[in-house]
Amino acid sequence: MKSIRVRMAPSPTGRFHLGSARTALYNYLFAKKTGGKFILRIEDTDQKRYVPGAEEEIVQSLEWLGIPPDESPVHGGGYGPYRQTERRDIYSKYSWELVEKDSAFPCFCTPERLDAVRKEQLARKENPRYDGTCRNLNPVEARRRVDADEKYVIRFKMPKEGSTTAVDLLRGPITIENTALDDFVLLKSDGLPTYHMAAMIDDHLMEITHVIRGSEWLSTFALHANIIRAFGWEEPTWVHLSLFLRPSGKGKMSKRAVAEDSKDGRSIFIRDLKELGYTPEGVLNWVVLMGWGVAEDDVMTLDQMVERFNIDSLTPSPAAVNFQKLDHFNGTHIRLLTNEDLSARIKPYFTKAGLEVQNETLLKITPLIRERLVTLDDCLAFASFFFQETVKPNPEDLIAKGLDAKQSAEIVRKAYEILSRLPELTHAVTEPPMRAYVEGSGFNAGQVFGILRVAVTGQKVSPPLFESMEIIGREIVLERLKKAVEILEKM
RNA sequence: GCCCCCAUCGUCUAGCGGCCCAGGACGGAGCCCUCUCAAGGCUCAAACAGGGGUUCGAGUCCCCUUGGGGGCACCA
């Protein structure tokens, strides 16, 4: 049996987004599942739309997600080059081969004329298509004009009759009338191929067995099958993935649509997601389930995905992206990380915020905040106070609900008294006397601990009080309590 | 306009003719736990688009309607 080879073939004309990530993931999963190879090929044949840096973003995103290709422009491989502009001679050769076979023809029509024709057709409410001017040119004459350096493209000679049927793995046979297809351009006047041509040639040369791509290609699918058949090559298995819809479900996902439908902190770009504090595990788990379903146990690691993945159980219907679900998976995977791993991942956020963190302290804090994090950068909101010299509690927050400043001051003073008698403030020694105090004070735990929380951490929401005090240390805790009393006394 | 694809809770989905008065997950509601916020546990509400067939039997097969999406470039 032939070994499986799949590919992801993005063009470096835009950023690497969720759709790209999922296509890459499914390709990756299928390759790993079957012991095949996952190839990354850069389709940079459109020089006008070329975006510098786009290729780096693609490679880095795959790397970050943990689904790197086996072969690519940077990883190498035996089927290179993997950048189409570095393969330009190949395409010209094959295009002319098709001309020889009478399946393609050189066309000398100018873009201006074609444009005019299209407008006329549209005005007459006809379907815009190539009018066939050069289709039946005498081959000898055509060759002469090419040799005379006249500008030309090569077009596919689509059969005028009959229909083309090609099979999509998820949808079954799809038949399109040939009259509905056009004489598509295969080779552009700049000598570079269009996607239609380049992808088919490269897939053949790189021995791609399964083409797993977005369903925006479904409409030109028959053209692609025609090209392959004209060459007499073996067709790959076609798998057209479902499309991603904007969160509202009304229309295709795009940067703008997502911005309109969701709150801030959302992005469809993988690199942004990384910056926003999402984990590769969370993103992968989220993305893998849009277009594929498991009966239960939907929290999965990459290895489990590989194990359970089944290419023909993919869904053909479009899927609206749901960022709340991303948050859920991200939080879930954060909770699955070891303390060491999570510590290492959140450390950069503190550093970036200008806080100096000691690994040892961070390792003690991590278990306190892990189940509170949705994104990694949430660590700042929950744990910055551990690393700050002083905290600045909002005076209002130092007064517990139902109490006044005087009562609150009394509580902090009492706490200071109790805690200052203890040699060290470990959780085990601080909680019992504080609980005892609450018992006899007439105040409730929520009020007392609430005030102390604000006094010690400077914020109303924080990790558990006693554990936090232990990490902050006796000296600073007492100092902060004293400060709180001063604030309350001035109110 | 033409061509193509799709159709189960608000969303992602399980279901491949009887196991389904439809299961899971997110989100929502409620309760429990609780020093805040989370996490966790339990419970609830929530769907087979409509109409025709086929069949002893249809969410599952076929057709139509409707709805949604995509494509119609010397872009991918």
Side-chain angles (χ1 to χ4, degrees), chain A residues 9-14 43-46 48-49 107 109-111 114-115 118 122 125-130 151-155 168 170-171 174-177 179-182 184-190 192-196 198-199 213-222 240 242-243 245 247-252 286 289-299 313 315-329 331-332 335 369-374 378 381-382 431 434-435 438 444-454 457 459-466:
Chain A
S11 67
T13 54
E43 311 229 326
D44 55 350
T45 56
D46 187 349
K48 290 189 226 65
R49 296 200 308 153
C107 169
C109 299
T110 64
L114 259 16
D115 225 41
R118 199 183 349 257
L122 249 17
K125 296 208 191 300
E126 285 172 21
N127 289 325
R129 58 172 42 120
Y130 180 61
K151 262 206 171 213
Y152 72 97
V153 301
I154 290 179
R155 289 179 178 273
D168 174 81
L170 308 178
R171 291 160 246 259
I174 292 169
T175 301
I176 296 176
E177 294 300 317
T179 49
L181 264 11
D182 206 355
F184 282 90
V185 171
L186 264 21
L187 195 73
K188 299 183 278 186
S189 58
D190 63 4
L192 283 167
T194 57
Y195 169 86
H196 309 302
R213 50 151 38 168
S215 61
E216 64 268 24
W217 295 113
L218 222 38
S219 44
T220 38
F221 175 36
H240 292 93
S242 67
L243 236 43
L245 269 25
S248 67
K250 304 274 177 211
K252 197 156 73 148
W286 177 48
L289 289 172
M290 290 193 281
W292 180 48
V294 292
E296 256 146 88
D297 298 326
D298 58 2
V299 175
S313 65
T315 335
S317 50
V321 295
N322 177 353
F323 285 91
Q324 285 178 316
K325 208 154 182 168
L326 202 214
D327 285 345
H328 167 257
F329 280 119
T332 302
R335 273 170 254 132
I369 61 172
R370 63 179 316 129
E371 62 269 9
R372 287 163 235 268
L373 304 181
V374 172
D378 286 342
F382 282 110
E431 185 159 2
M434 286 307 298
R435 291 268 177 208
V438 170
N444 64 45
Q447 292 172 317
V448 174
F449 299 149
I451 295 170
L452 298 179
R453 158 174 290 103
V454 174
T457 70
Q459 49 197 59
K460 281 160 77 174
V461 173
S462 82
L465 180 62
F466 298 108

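Model, not experiment: these values are computed from the prediction. Residue numbers begin at 1 in each chain, while the letters A, B, ... track the order of the sequences.
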Worksheet item: Which value, in whole Å, describes the distance between the C1' atoms of nucleotides B/U60 and B/G69?
Response: 23 Å
Worksheet entry | A/I174 side-chain proximity, nearest of B/A76, B/C5, B/C3 | B/C5
Worksheet entry | Sidechain-backbone polar pair: A/R129 side chain, A/D182 backbone, donor-acceptor under 3.5 Å | no
Fill in: Closest nucleotide among B/C37, B/C5, B/A25 to the A/D298 side chain
B/A25
Discussion item. Reading RNA chain B from 5' onward, which residue's closest nucleotide shows up sooner: A/M290 or A/S317?
Written reply: A/S317
Worksheet item: With sugar-phosphate meaning primed atoms plus P, OP1 and OP2, does A/V185 contact a base, only sugar-phosphate, or nothing at under 4.0 Å between heavy atoms?
Response: sugar-phosphate
Worksheet item: Nearest to the side chain of A/N322, which nucleotide is it out of B/C37, B/A76, B/G10?
Response: B/G10
Response to the item:
Checking B/A14, B/G71, B/A76 against the side chain of A/S219 (C-beta onward), the nearest is B/G71
Discussion item. Using a 4.0 Å heavy-atom cut-off, does A/R129 contact any base of the nucleic acid, only the sugar-phosphate backbone, or nothing at all?
Written reply: nothing
Worksheet item: What is the distance from CD of A/Q447 to P of B/U34, rounded to the nearest Å?
Response: 18 Å
Worksheet item: What is the nucleic acid contact for A/G291, judged by heavy atoms within less than 4.0 Å: base, sugar-phosphate only, or nothing?
Response: sugar-phosphate
Worksheet item: With a non-hydrogen cut-off below 4.0 angstrom, is A/G251 in contact with a base, only sugar-phosphate, or nothing?
Response: sugar-phosphate
Worksheet item: Can you tell which of B/A76, B/C74, B/C37 lies closest to the side chain of A/T45?
Response: B/A76
Worksheet item: Which part of the nucleic acid does A/R453 contact within heavy-atom distance under 4.0 Å: base, sugar-phosphate only, or nothing?
Response: base
Worksheet item: Does the B/C75 base have a donor-acceptor partner in the side chain of A/T13 within less than 3.5 Å?
Response: no
Worksheet entry | Partner nucleotide of B/C72 by Watson-Crick or wobble geometry (both distances under 3.5 Å) | B/G1
Discussion item. Does A/R335 reach a base, just sugar-phosphate, or nothing at all? Heavy atoms under 4.0 Å.
Written reply: sugar-phosphate
Worksheet item: Would you say A/K188 reaches B/A76's phosphate, i.e. side-chain N/O to OP1/OP2 under 4.0 Å?
Response: yes
Worksheet item: Looking at NE2 of A/H240 and CD1 of A/I174, how far apart are the two atoms once the value is rounded to the nearest 0.5 Å?
Response: 7.5 Å
Practice prompt. Ignoring the backbone of A/R372, work out which of B/C37, B/C75, B/C12 is nearest its side chain.
Written response: B/C37
Worksheet item: Using the P atom in both, what is the distance from B/C32 to B/C20, to the nearest Å?
Response: 33 Å
Worksheet entry | Among B/A76, B/A73, B/C37, the one nearest A/P128 by side-chain distance | B/A73
Worksheet item: Between A/F466 and A/F449, does the ring centre distance come in under 6.0 Å?
Response: yes
Discussion item. Just the rounded figure in Å: distance from P of B/U36 to CD of A/E431.
Written reply: 12 Å
Worksheet, complete the sentence: Picking from B/G24, B/G70, B/A76, the nucleotide nearest the side-chain atoms of A/L243 would be B/G70
Practice prompt. Once you apply the 3.5 Å cut-off to both distances, tell me the Watson-Crick or G-U wobble partner of B/A39, or none.
Written response: none
Fill in: Shortest side-chain distance from A/V461, nucleotide among B/C4, B/U36, B/A76
B/U36
Item to complete: Find the partner of B/G67: check Watson-Crick (N1-N3 plus N6-O4 or O6-N4) and G-U wobble (N1-O2, O6-N3) distances, both under 3.5 Å, and reply none if neither fits.
Response: B/C6
Practice prompt. Once you apply the 3.5 Å cut-off to both distances, tell me the Watson-Crick or G-U wobble partner of B/C56, or none.
Written response: B/G18
Practice prompt. Provide the distance between the two C1' atoms, one in B/C9 and one in B/C5, to the nearest whole Å.
Written response: 24 Å
Worksheet item: Of A/S248 and A/D190, whose nearest nucleotide on RNA chain B comes first from the 5' end?
Response: A/S248
